[in-house]
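Take a look at the structure below.
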Amino acid sequence: MALSSLLALAGQFVVYPGSKPAPPLSGKTSNTGQPVDSYVTQDPYDKVVAFYIKSGKEERTTDIGGRRTFFSLDQGVEVVVWEVNDHVVSITVKKKK
């Protein structure tokens, strides 16, 4: 079962509603060996960011390679919201060690 699914079952983390798994990254590990799940949605970037602002602390935002906002959640989870283009927003979920 994917990391984010386990966290959702525990009532600690909810993936953005309506997002779908992005197969190339889901269930893989990051370059630091952390489990990574990735999702995509066609909802606007600002709407996805607003959803995660309710759940955690916004760490930083950057515009390099598209707008990206990084969140740290109380459950030891890091979420990155990335505006890939005008029609696709990527959501990457990592469990911190």
Side-chain angles (χ1 to χ4, degrees):
M1 186 176 277
L3 164 71
S4 53
S5 299
L6 290 172
L7 292 171
L9 287 176
Q12 296 180 0
F13 175 74
V14 177
V15 175
Y16 180 79
S19 63
K20 298 179 185 200
L25 284 180
S26 289
K28 302 290 184 185
T29 56
S30 69
N31 56 357
T32 62
Q34 298 170 313
V36 174
D37 287 322
S38 187
Y39 301 86
V40 293
T41 182
Q42 293 183 339
D43 286 353
Y45 173 83
D46 293 327
K47 184 176 179 182
V48 179
V49 168
F51 174 83
Y52 283 107
I53 284 174
K54 296 176 192 173
S55 301
K57 178 182 174 193
E58 182 178 344
E59 296 290 328
R60 66 187 185 281
T61 299
T62 179
D63 286 335
I64 299 171
R67 292 191 296 172
R68 292 180 194 192
T69 303
F70 298 78
F71 294 93
S72 236
L73 308 183
D74 290 339
Q75 303 85 8
V77 174
E78 181 179 277
V79 175
V80 180
V81 179
W82 172 32
E83 185 178 45
V84 177
N85 60 43
D86 290 341
H87 306 288
V88 177
V89 173
S90 170
I91 303 157
T92 302
V93 181
K94 289 192 288 189
K95 173 87 172 148
K96 294 180 185 178
K97 285 188 172 184

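None of these values were measured; they are calculated from a predicted model.
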Could you work out, with side-chain hydrogen bond (donor to acceptor under 3.5 Å, both in side chains) as the rule, every residue matching Y52, not counting sequence neighbours?
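Not a single residue meets the side-chain hydrogen bond (donor to acceptor under 3.5 Å, both in side chains) criterion with Y52.
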Might you point out which heavy atoms bring P44 and V89 nearest each other, and give the distance in Å?
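So the minimum-distance heavy-atom pair works out to C-CG2, 4.2 Å.
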Identify the heavy atoms of Y45 and V81 that sit nearest to each other, and give their distance.
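Taking every non-hydrogen atom into account, CE1-O, 3.6 Å.
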Counting C-beta onward and ignoring hydrogens, is there a side-chain heavy-atom pair between V77 and F71 closer than 4.5 Å?
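V77 does not reach F71 side chain to side chain.
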For the [atom1] atom of [X] and the [atom2] atom of [Y], what is their distance to the nearest 0.5 Å?
X: K94; Y: S38; atom1: NZ; atom2: OG; value: 11.5 Å
X: D63; Y: R68; atom1: CG; atom2: CZ; value: 10.5 Å
X: F51; Y: I91; atom1: CZ; atom2: CD1; value: 8.5 Å
X: T69; Y: R60; atom1: OG1; atom2: CZ; value: 10.0 Å

Determine, stepwise, if the pair Y16 / D43 fulfils side-chain contact (heavy atoms from CB on, under 4.5 Å).
CA-CA 10 Å; Y16 180 79; D43 286 353; 2.6 Å; yes
I'd like to check the side-chain contact (heavy atoms from CB on, under 4.5 Å) partners of K20; sequence neighbours left out, ordered by chain and number.
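With neighbours one apart ignored, the set is empty.
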So, the side chain of W82 versus the backbone of T92: is there a donor-acceptor pair under 3.5 Å, distance only?
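Not a single qualifying donor-acceptor pair exists.
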Can you tell me if Q42 has over 12 outside heavy atoms packed within less than 6.0 Å of its CD?
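Not more than 12 within 6.0 Å, no.
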same_hphob_cluster([X], [Y]) at 4.5 Å side-chain heavy-atom cutoff:
X: V48; Y: L73; result: yes
X: I53; Y: V93; result: yes
X: V40; Y: V15; result: no

For the pair R67 and D46, evaluate side-chain contact (heavy atoms from CB on, under 4.5 Å) and give the outcome as yes or no after the intermediate values.
CA-CA 10 Å; R67 292 191 296 172; D46 293 327; 3.3 Å; yes
